[in-house]
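This report refers to the structure that appears directly beneath it.
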Amino acid sequence: AQSVTQLGSHVSVSEGALVLLRCNYSSSVPPYLFWYVQYPNQGLQLLLKYTSAATLVKGINGFEAEFKKSETSFHLTKPSAHMSDAAEYFCAVSDKSGNTGKLIFGQGTTLQVKP
Amino acid sequence: EADIYQTPRYLVIGTGKKITLECSQTMGHDKMYWYQQDPGMELHLIHYSYGVNSTEKGDLSSESTVSRIRTEHFPLTLESARPSHTSQYLCASSDWDRGPADTQYFGPGTRLTVL
């Protein structure tokens, strides 16, 4: 069965500092991986996704993530945090077994950005 | 820009009431999903649909029911609301052109509180 683990339910960084949000997955087949962001009182918005092409994926708002098969990881990074990055971030893997298309989510990481 | 709408955004209702959460998308997507999200927790799939007249239950058992009479509309109904139904409900859709690699687009969610 596929699963996702996000290390650290809360991450706090200073404005301008590096953002690193960790995601590890478990999958018996090459996975499709997603990062979504949820701002307060809003739905989820796709930041980026990995679908077996380039292992370094660039997304919106300056975020990127690197797929590392040997480490079963898909960590999200941004070189310089901005106050507007404060939100909840979810890593997800797409269920490839069956035809549901469902996403299996991690528990989320709340990013706090301090001035 | 994805166009998927949910109403109401917030609902506070008494035990025993029947409620319907509305979800509509204007993208012509065949696949639609309902996820349930408790505070600080991951999202869990409760219902999905492949298209008109197709509905399936997801991983998380739910007393809610859904219908798909039109492509663009995927309402969720609770016949008799209980406090245990208090949660956030998120609707999503995808066009399924790339199967599990497709992006799911999310609505803003309905935050339901049952007293």
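Reckoned from all heavy atoms, side chains included, excluding hydrogens, waters and symmetry mates. The chains referred to below are lettered A, B, ... by the order of the sequence lines, with proteins before strands, and numbering in each begins at 1. Since we're looking at a predicted model, the values are computed, not measured.
- Listed options A:Gly106, A:Pro31, A:Gly108, A:Gly43 were ranked by heavy-atom pairs under 4.5 angstrom with chain B; first place goes to A:Gly43.
- The part of B:Asp102 that comes within reach of chain A is its backbone (N, CA, C, O), which places non-hydrogen atoms under 4.5 angstrom from that chain.
- When heavy atoms are compared at a cutoff of 4.5 Å, A:Gln6 does not approach chain B at all.
- In this model, no donor atom of one side chain and acceptor atom of the other lie less than 3.5 Å apart for A:Tyr39 and A:Asp85.
- Counting heavy-atom pairs under 4.5 Å between each of B:Gly109, B:Ala92, B:Gly107 and chain A puts B:Gly107 at the top.
- Applying the 6.0 Å contact sphere to CG of A:Leu56 captures more than 12 heavy atoms from other residues, nucleotides or ligands.
- At least one donor-acceptor pair closer than 3.5 Å links the side chain of A:Asn24 to the backbone N or O of A:Glu71.
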Kindly determine whether A:Phe105 and A:Phe34 satisfy side chain to side chain contact (heavy atoms under 4.5 Å, CB included), including the steps that lead there.
CA-CA 9 Å; A:Phe105 286 89; A:Phe34 302 76; over 6 Å; no

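- More than 12 heavy atoms of other residues, nucleotides or ligands sit less than 6.0 Å from atom NZ of B:Lys57.
- Looking at B:Leu43, both its backbone and its side chain come within 4.5 Å of chain A, counting heavy atoms on both sides.
- The contact between A:Leu44 and chain B is made by backbone and side chain atoms together, counting heavy-atom distances below 4.5 Å.
- With chain A as the partner, the residue from B:Asp59, B:Leu90, B:Leu45 showing the most heavy-atom pairs under 4.5 Å is B:Asp59.
- Here the straight-line distance linking atom CD of B:Gln88 with atom CG of A:Asn41 works out to 8.0 Å at 0.5 Å rounding.
- Between the side chain of B:Trp34 and the backbone N or O of B:Phe74, at least one donor-acceptor pair lies under 3.5 Å.
- If you measure heavy-atom distances from B:Thr103 to chain A, the contacts under 4.5 Å come from both the backbone and the side chain.
- Proximity to chain B is limited to the backbone of A:Gln42, based on heavy atoms less than 4.5 angstrom apart.
- Of the listed residues (A:Ala92, A:Ser94, A:Ser52), the greatest number of heavy-atom pairs within a distance under 4.5 Å of chain B belongs to A:Ser94.
- Of the atoms belonging to B:Gln6, not a single heavy atom falls under 4.5 Å from chain A.
- Expressed to the nearest 0.5 Å, how far CG of A:Leu76 lies from OG1 of A:Thr109 amounts to 9.5 Å.
- Heavy atoms of B:Gln37 lying under 4.5 Å from chain A belong exclusively to its side chain.
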